[in-house]
Every structure is written in C-alpha cells, then in structure tokens.
Amino acid sequence: MTWMCGCYGLVLLVLGVMGQKLPTRDEGLFQMQIRDKALFHDSSVLPDGAEISGYLFRDTPKRYYFVVEEDNTPLLVTLTPCDAPLEWRLTLQELPEDRSGEGSGEPEPLEQQKQQVTANEGTELFTYKGNDVESFISTSSPSGLYQLEIISTEKDSNFKIYSTTTPESDQPYPELPYDPRVDVTALGRTTVTLAWKPTPTGSIMGQPIQYCVVINKEHNFKSLCAAEAKMSLDDAFMIAPKPGRDFSPFDFVHFGFVPSENDFKDRSLTTNRALSNKMSRTYIPKPKVADIQKICIGNKNIFTVTDLKPDTQYYFDVFAVNTGTNMSTAYVGTFARTKEEAKQKTVELKDGKVTDVFIKRKGSKFLRFAPVSSHQRVTLFIHTCLDEVQVQVRRDGKLVLSQNVEGVRQFQLRGKPKAKYLIRLRGSRKGASTLKVLASTRAGGKQPFPALPEDTRIKAFDKLRTCSSVTVAWLGTQERNKYCVYRREVSESYGEEHRRREQNQCAGPESRRKSEKVLCKYFHSANLQKAVTTETIMGLEAGKSYLLDVYVVGHSGHSVKYQSKLVKTRKYC
C-alpha cells in the first residue's frame, strides 16, 4: 500500500508508482520513512504501520489518500478523536485501467489527475460520527485509491490516525483483557483503590507496558490523547500545525496576526467563510491542575488514589500504554463518590458560659449557639491554648466570620431575631489543639478573659543579670489586671523545643506549685505607650537556668499566660 497526502497535487506521486507491486509493507522502506519525522509532520503523509497526529480547524475538512495496489490486501484504519467529536468517511475509487504495468508510464497532466480523483465520489466504505476510537478493518480489500475525509463541526481539534496493510503482525495497540472494566475495590473519605486485569500484550506477549490512571470530576475519557488534550488546553494556543501543513498565511489570524488588505481581496467566498468560523471560536478556560490528573504507575494493576475530597464524585480511567510505540488503549472507566466526613457531635454553647474544647491534629469541632431571646449582638471570645486555630462562624447558614486565631480574640457579630450560629473550629497541622470558647448576648459587663497587649513576650535584661537575680519586663494594657510571676529551675539541656511543647496558655496559676510562685501584683496604665512593668526576681542560684512565666488573671478568674522566657543567672560575679 502506498500512502499519499491530502494535497491533490501529490496524486501524481501516487499514480506514478502504480507499476510497483506492494501487497504487504516494505519493511526497509517503512523504517526509512518513520525516521524522517519532517516528512510526516509537514507534508501530512500517512505511513503504513505508524500512528500520526493531526489538527483540524472547525468546519474545515482534511483529506488523506492512499493506494492499495493489489486485490485481497488486509486493511486497517483507526481514528482517535482527542478534543471533540469528529465526522469521518472512508471511500474507495477504482484506479484507471491504463495505469497498469502495461501502460506507457507517461504521467498525465496534473489537472486531469485531479479530475479523476474528484469527479467520482467513489464507493463509500465506512462513515462514523462521534468521539469514540473507531476502526475500519477488512481482511480482503480491493485495489484502488482510498480517500479518508475528516471534519470537526464543534471546534478546532486534535486527532490521531493509524493505518496499516499488515494488521495481524503489527498489533501496535495494547490488547484489552477479556474483562476490560476498572473496578473500585476500596472506598474511603479521601482515597479510592482501583484494580483491573492486566493486558495480554504485557503479561503474555512480553511487550513493554505501563498503565496510566487519569482522575477528574467531569466524565470518563475514551482515549489517552483526549485526557491529555484536556490537561494541556490553553485558550487558542493548543497544539497547532506548523506552516506548510495545509496551512496558509491567512490562518495566522487565528493566532493574533493581522493579514494585509490584499490578502482579503485575493480570497474566495469559501476562504472568507472559513475565516468567519475561525474567528467565532469561543474561549475555553484552561482547567485547573487539580481538576484533572494523570499518574503513570508502571506495570502494576492495583492503585490507590489519595488526597481526594470527601463526598465528591470522581471519574477514573486506566490506559495501557505500549512504551515502545507510545500507543495506548483505554479500559472501560469507572466512577465513584468518596465517603462523607464522619458526622461529629455538635457541642451546644450556653450564653455567657466558658466551654473547653479539644481538637485532634488537623481535626475539626462544631459548636452551636442558639440564644433563647432576641438579641442585637453576639460577643464571641476565643482563647487558643497552643497553636493557632481556624475559626468559621455561620449565622443561619451564611458565613459571617472566617479567621485564624492565636491567643485571646474577641469578635462582635451582628444579631438577628431567633438566629442560630454554627461555629467550626479547625485544628493545627502541628498537633492537637485546646481552647476556651464563650458566646454571650449580654451587653456591657466585665469581660471573662483579661485584655492582652499585642506583644506577649517577656523581656530579660542581660546587663542586669547577677548570680542570684534576673530583671524582666512585660507589657500591660489600660485595663487593671492582676499579674502573677512564677519561676521553675530547668536543666542545662532545656531548649526552645521543650519550651514550645509546654507553651499552654490556658494552664493557669492553679496548675503550679506554691514553691514556684514569685509574686502577684496589679498593674495598668492609661497611656499604652507607658504600659510596661518590670520586676527583679531574687533568690536564684548562680549558673542555673530558669523558666519564667507571667499570668494575667481576669475579673472572672480566667487567666492567660504570656510567652515563657528562659533565663540563666551568671556563674561568676
């Protein structure tokens, strides 16, 4: 079989070699052809026994021609749509009688050859419209000129064509097993385990096979190139053909270049209609990376997909890929919905009462506040004991607050008659979280938690260190509060990591030994610039390390600890 490009002028090339008898593929010629990549890419020549990629502009048909020179020749033509449904038609036109081996061998005029090809519609052998991978196969095809016409009526599109006169020996596509379905063997909230039967091409025939899994939320794919086209979609700049491949300068309008006025005058009505189609293409936004994912896993036929979202439907496709030819076959894909998140018990908050909350690492807790009386405002206090916590508040289903909270924070929420509030607390990735929460509709009155300055560090003065004392300072507020100082001797190896693990701001003075208490005092300042106090801690041992803590105690007895400070007395004085 001899193959020919879609340009009518190259019919001369095909008819000129009619005298050669090629009932099967010439392997030496084939190997020479497939090494010449430019031949196939730029001239649209279809080789016998190799897959090529093509590109269609919308409503602009493309035609390929090839010649089968002997009767009873096997023939296989497979077309794979990548972006959109395609219409394609395969027709046969018998060769002219005088082109046999006894002919003169003189080539006919080019125009006459065109007429011979186009004047007769030929015999229609096969038609198809859709986005399935479809094939025409015949074990005994008559000799003649074959025409393959392809058109995309929806949008610009990529496609692949494979055709051969030796289908039995080629077998380029991996063969599907007797049961080609992909099964879901395990289902979780964020994971799905898939299994499928191996392709005989790898397990029996020993061909180099790997499996690629495609995950997305929209639909199953019928070919790997369709999935890859979806992944690489990027407005107008898809995989476009190079100039010289059924491509005129006028087509550069599609890529943002403006032709001259003479170009417009020289074009026919057909060309103008084609331009109109190209200019009317709609912009399709590039899908997010997370929306579709391809993972190639080698020759394993069991795979667990991770990091999925709970209660979400996903579509899963598996493709067997021959790594030697890079040609693939699709299994029958499947879909599954991940399990819902475990429903957690909702904690009811009482008006004006503090509630202790514990959250597992990366976990969540839900709190519900339903005031019994009408209210104009809700005051929400959050006191995180360890790392920061994400807080979300919904009033009657509407999101009214979303913030990360560390330390003590107070929020004012606008109230509504009979409104109900759902509070979601999401824990830290570092470890478990504990916190205190209070919701109140009562206006005025003293706050349950003491006010804190923006900076809760304790400052130690190095120059004031002695062998038996250290001097420290901390910031206060305009609110008069009680401050209690505690000390604890620690070992030489005690470092910042130990201090961080023990940094529980909710543990109050009641958790400390009486022997660790240094003093308690009241302090405030009307001028925030001067709201700072100092204290010299006496009675320490020389060359020893101490951990200092300052607690501020609110009017209702709730306390908040400042950031601990590690200090060391001088060894020699």
State the CD-CG distance between Glu479 and Leu452, to the nearest 0.5 angstrom.
-> 9.5 Å
Min side-chain heavy-atom separation Tyr331-Leu194 under 4.5 Å | no
Under 3.5 Å, is there a donor-acceptor pair between the side chain of Tyr562 and the main chain of Leu475?
-> yes
Give, for atom CG of Leu224 and atom OG of Ser328, the distance between the pair rounded to the nearest 0.5 Å.
-> 4.5 Å
If you count the non-hydrogen atoms of other residues, nucleotides and ligands that lie under 6.0 Å from CG in Asp462, is the total more than 12?
-> yes
Heavy atoms only: give me the nearest Ser564-Leu547 pair and the separation to one decimal.
-> CB-CD1, 4.0 Å
If only atom types and distance count, is the side chain of Arg465 paired as donor or acceptor with the main-chain N or O of Lys568 below 3.5 Å?
-> yes
Taking every heavy atom of Pro174 against every heavy atom of Ile209, the minimum-distance pair comes out as CG-CD1, 3.9 Å
Do any side-chain atoms of residues 180-191 form donor-acceptor pairs under 3.5 angstrom with protein atoms, and if so which ones, sequence neighbours left out?
from   : atom 1 : to     : atom 2 : distance (Å)
Arg181 : NE     : Asp179 : OD1    : 2.9
Arg181 : NH2    : Asp179 : OD2    : 3.1
Thr185 : OG1    : Thr193 : O      : 3.3

Side chain Tyr421, main chain Pro371, donor-acceptor under 3.5 Å = no
Test item: Val378 and Ser440 side chains (from C-beta on) under 4.5 Å apart, heavy atoms | no
Pairs touching residues 509-529 that satisfy ring-ring contact (aromatic ring centres under 6.0 Å, His included), sequence neighbours left out | none
Would you call Val391 and Leu425 a side-chain contact if the rule is heavy atoms closer than 4.5 Å?
-> yes
For Arg513, does its backbone N or O pair with a side-chain atom of Tyr486 as donor and acceptor, under 3.5 Å?
-> no
State the OG-CD1 distance between Ser468 and Ile537, to the nearest 0.5 angstrom.
-> 12.0 Å
Could you give the distance from OH (Tyr55) to OG (Ser152), rounded to the nearest 0.5 Å?
-> 9.5 Å
Are the side chain of Arg488 and the backbone of Asp549 linked by a donor-acceptor contact shorter than 3.5 Å?
-> no
Within the distance-only criterion (no hydrogens, no angle test), does the side chain of Thr329 pair as donor or acceptor with the backbone N or O of Ala320 below 3.5 angstrom?
-> no
Roughly how far, to the nearest 0.5 Å, is NZ of Lys365 from OG1 of Thr346?
-> 10.5 Å
Using modelled atom types only, decide if a donor and an acceptor are shared between the side chain of Asp83 and the backbone of Asn158 within a distance under 3.5 Å.
-> yes
Decide yes or no for Phe369 and Arg395: does some side-chain heavy atom of the first lie under 4.5 Å from some side-chain heavy atom of the second?
-> no
Thr466 vs Leu540 side-chain heavy atoms within contact, under 4.5 Å = no
CG (Asn326) with more than 12 external heavy atoms under 6.0 Å = no
Heavy atoms of Met538 and Arg487 approach each other most closely as O-NH1, 3.0 Å
Would you name the heavy atoms of Gly554 and Asn481 that are closest together and state the gap between them?
-> CA-OD1, 4.3 Å
Would you sort out whether Tyr551 and Arg512 count as a side chain to side chain contact (heavy atoms under 4.5 Å, CB included), showing the intermediate values?
-> CA-CA 11 Å; Tyr551 297 88; Arg512 304 296 295 262; 3.0 Å; yes
How many angstroms lie between atom OG of Ser511 and atom CD of Glu516, to the nearest 0.5 angstrom?
-> 8.5 Å
Before giving the answer on side chain to side chain contact (heavy atoms under 4.5 Å, CB included), spell out for Ile359 and Leu435 the whole-Å C-alpha distance, their side-chain angles and the decisive distance to 0.1 Å.
-> CA-CA 9 Å; Ile359 308 173; Leu435 60 156; 3.8 Å; yes
For Asp396, look at atom CG and say whether over 12 heavy atoms of other residues, nucleotides or ligands are found less than 6.0 Å away.
-> yes
Start with the C-alpha distance between Gln293 and Val305, add both sets of side-chain angles, then the distance that settles side chain to side chain contact (heavy atoms under 4.5 Å, CB included), and finish with yes or no.
-> CA-CA 10 Å; Gln293 187 179 12; Val305 186; 5.6 Å; no
Of Val354, Asp351, Leu349, which meets side chain to side chain contact (heavy atoms under 4.5 Å, CB included) against Leu438?
-> Val354
Flag, side chain of Asp317 to backbone of Ala330, donor-acceptor distance under 3.5 Å | no
Should Phe303 and Tyr211 count as side-chain neighbours, where that means a heavy-atom distance under 4.5 Å?
-> no
Can you find a heavy atom in the side chain of Thr569 that is under 4.5 Å from one in the side chain of Cys467?
-> no
Around atom NZ of Lys345, are there more than 12 heavy atoms of other residues, nucleotides or ligands at under 6.0 Å?
-> no
Residues 401-413, side-chain donor-acceptor partners within the protein, below 3.5 Å, at least two apart:
from   : atom 1 : to     : atom 2 : distance (Å)
Gln403 : OE1    : Arg409 : NH2    : 3.0
Gln410 : OE1    : Gln447 : NE2    : 2.9
Gln412 : OE1    : Thr379 : OG1    : 3.1
Gln412 : NE2    : Thr379 : OG1    : 3.3

When you look at CD of Gln376, are more than 12 heavy atoms from neighbouring residues, nucleotides or ligands closer to it than 6.0 Å?
-> no
If you measure only the distance, is there a donor-acceptor pair under 3.5 Å linking the side chains of Thr533 and Lys521?
-> yes
Any idea which heavy atoms bring Ser433 and Ser428 closest together, and the distance?
-> OG-N, 3.5 Å
Can you name the nearest heavy-atom pair linking Tyr314 to Lys309, along with the distance?
-> OH-N, 2.9 Å
How about Val321 and Cys296: do any of their side-chain heavy atoms sit closer than 4.5 Å?
-> no
Worked check of side chain to side chain contact (heavy atoms under 4.5 Å, CB included) between Glu489 and Tyr494 = CA-CA 10 Å; Glu489 184 180 336; Tyr494 191 93; over 6 Å; no
Under the 3.5 angstrom rule, does the side chain of Arg368 hit a backbone N or O of Glu348 as a donor-acceptor pair?
-> no
Are any side-chain N or O atoms of Gln478 and backbone N or O atoms of Ala526, one a donor and one an acceptor, separated by less than 3.5 Å?
-> yes
Check the pair Asp356 / Lys436 against salt bridge (charged side-chain N to carboxylate O under 4.0 Å, His left out), numbers first and verdict last.
-> CA-CA 5 Å; Asp356 293 309; Lys436 296 178 181 291; 2.7 Å; yes
